[in-house]
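Got a structure for you, written out below as structure tokens; questions coming shortly.
Predicted, not measured: the structure shown is a model, and the values here were computed from it. Reminder, nothing fancy here: chain letters follow the sequence lines and each chain counts from 1.
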Amino acid sequence: MPRLDTDFHNRVYAVVMAIPEGRVTTYGAIAEALGLRRSARMVGRALGALTGEPGIPCHRVVNSSGALSGAPRFATPTLMRELLEAEGVTFRGETVVMGRHFWDPRTNYRGEL
DNA sequence: CGGCTGACTGCGA
DNA sequence: TTCGCAGCCAGCC
């Protein structure tokens, strides 16, 4: 059981859960939404601890280029992309079409910071 | 208690 | 346009 009891992990958990189906956001955007500004890596680190937890659509978090940098962490390397495509997310090559699916937590997520 | 690590990012070459 | 590099900071060892 991953550590889900720290404030930081709980905040990441809350933001990721708020991502709508068929939309994606980035590590950096989540970090900024939490007030960390330059610590996108922390978000990825936290997601690693949250991976596999029910109710946390961590496949909707991609890097700023739209690439699925977290794919290797899933049960199979292709699962992340399969989950996204099943929700209607479109790709151009190996990356998500960000202009069409990006969801900004700083603008849309109203939670406790 | 101190040090290393990482599902990132933006900028310079 | 693609590639490399240094910063970032909570957790875990």
Side-chain angles (χ1 to χ4, degrees):
Chain A
M1 190 67 161
R3 301 256 181 283
L4 298 176
D5 54 327
T6 66
D7 282 347
F8 183 73
H9 286 189
N10 276 315
R11 289 173 197 179
V12 172
Y13 173 97
V15 176
V16 174
M17 272 209 318
I19 305 173
E21 210 178 277
R23 291 317 221 9
V24 300
T25 193
T26 70
Y27 303 94
I30 293 174
E32 283 192 34
L34 297 180
L36 293 179
R37 297 194 181 192
R38 313 289 174 183
S39 301
R41 306 182 113 189
M42 288 306 311
V43 176
R45 205 175 189 315
L47 282 184
L50 300 172
T51 300
E53 288 303 303
I56 306 179
C58 45
H59 58 279
R60 294 180 189 146
V61 184
V62 302
N63 68 27
S64 63
S65 313
L68 311 186
S69 53
R73 293 284 279 144
F74 284 70
T76 66
T78 55
L79 181 59
M80 188 175 185
R81 176 161 181 164
E82 288 166 8
L83 290 171
L84 290 171
E85 294 188 310
E87 297 181 354
V89 173
T90 55
F91 287 72
R92 176 166 58 62
E94 305 301 305
T95 65
V96 172
V97 180
M98 294 303 273
R100 181 173 176 175
H101 303 288
F102 180 61
W103 179 84
D104 193 342
R106 292 162 294 183
T107 307
N108 305 286
Y109 174 68
R110 325 242 196 308
E112 298 165 48
L113 305 179

* Atom pair distance, as rounded to whole Å: CE in M42(A) and C1' in dG6(B) ->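 That distance rounds to 9 Å.
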
* Asked: How long is the line joining CD1 of I19(A) and P of dA7(B), in whole Å?
  ->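 Checked: the CD1 to P distance equals 18 Å.
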
* To do: Working to the nearest 0.5 Å, report the span between CZ of R11(A) and CG of L36(A).
  =>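 Here the interatomic distance stands at 8.5 Å.
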
* To do: Take the protein atom CZ of R73(A) and the nucleotide atom P of dT5(B), then report the distance between them rounded to whole Å.
  => 17 Å

* To do: Would you mind reading off the distance between R11(A) atom CZ and dC9(C) atom P, rounded to a whole angstrom?
  => 15 Å

* Would you mind reading off the distance between H9(A) atom NE2 and dG6(B) atom C1', rounded to a whole angstrom? => 12 Å

Which donor-acceptor pairs under 3.5 Å do the side chains of residues 55-63 of chain A make with protein atoms, sequence neighbours left out?
unit_1: H59(A); atom_1: NE2; unit_2: E87(A); atom_2: OE2; d: 2.9
unit_1: R60(A); atom_1: NE; unit_2: E87(A); atom_2: OE1; d: 3.0
unit_1: R60(A); atom_1: NE; unit_2: E87(A); atom_2: OE2; d: 3.2
unit_1: R60(A); atom_1: NH1; unit_2: I19(A); atom_2: O; d: 2.9
unit_1: R60(A); atom_1: NH2; unit_2: E87(A); atom_2: OE2; d: 2.8
unit_1: N63(A); atom_1: OD1; unit_2: S65(A); atom_2: N; d: 2.9
unit_1: N63(A); atom_1: OD1; unit_2: G66(A); atom_2: N; d: 3.2
unit_1: N63(A); atom_1: OD1; unit_2: A67(A); atom_2: N; d: 3.1

* Structure fact -> Of dT9(B), dA7(B), dA10(C), the nucleotide closest to the side chain of F8(A) is dA10(C)

* So which nucleotide does dC8(C) pair with, by the Watson-Crick or G-U wobble rule with both distances under 3.5 Å? -> none

* Rounded distance (Å) that lies between atom C1' of dC9(C) and atom CZ of R41(A) ->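 Those two atoms, CZ and C1', are 10 Å apart.
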
* Using a cut-off of 6.0 Å, state whether more than 12 heavy atoms not belonging to R106(A) lie near its atom CZ. =>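 Result for CZ/R106(A): enclosed.
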
* Is the CD atom of E85(A) crowded by more than 12 outside heavy atoms at less than 6.0 Å? ->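 Count over threshold, so yes.
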
* Choose from dT9(B), dA7(B), dC9(C) the nucleotide whose nearest atom is closest to any side-chain atom of M80(A). =>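 So the nucleotide nearest the side chain must be dA7(B).
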
* Asked: Given atom CG of L47(A) and atom C1' of dA10(C), what is their separation to the nearest angstrom?
  ->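 Value for this atom pair: 14 Å.
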
* Where the side chain of R45(A) is defined as all heavy atoms beyond and including C-beta, which of dA10(C), dA7(B), dC8(B) is the nearest nucleotide? -> dA10(C)

* **T25(A) and F102(A), any side-chain heavy atoms less than 4.5 Å apart** =>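 A side-chain contact exists here, since the closest heavy-atom pair is under 4.5 Å.
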
* Looking at every strand, decide which applies to Y27(A) at a 4.0 Å heavy-atom threshold: base, sugar-phosphate, or nothing. =>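 It contacts base atoms.
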
* To do: Would you tell me if any nitrogen or oxygen in the side chain of S64(A) comes within less than 4.0 Å of OP1 or OP2 on dC8(B)?
  => no

* Out of dA7(B), dT9(B), dG6(B), whichever nucleotide has its closest atom nearest the side chain of S69(A) ->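 Output: dA7(B).
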
* hbond_proxy R38(A) side chain to dG10(B) base (donor-acceptor, 3.5 Å cutoff) ->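 No, no donor-acceptor pair under 3.5 Å.
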
* Would you mind reading off the distance between L36(A) atom CG and dG11(C) atom P, rounded to a whole angstrom? => 10 Å

* Would you classify T26(A) as touching base, sugar-phosphate or nothing, given that sugar-phosphate means primed atoms plus P, OP1 and OP2, and contacts are heavy atoms under 4.0 Å? => sugar-phosphate

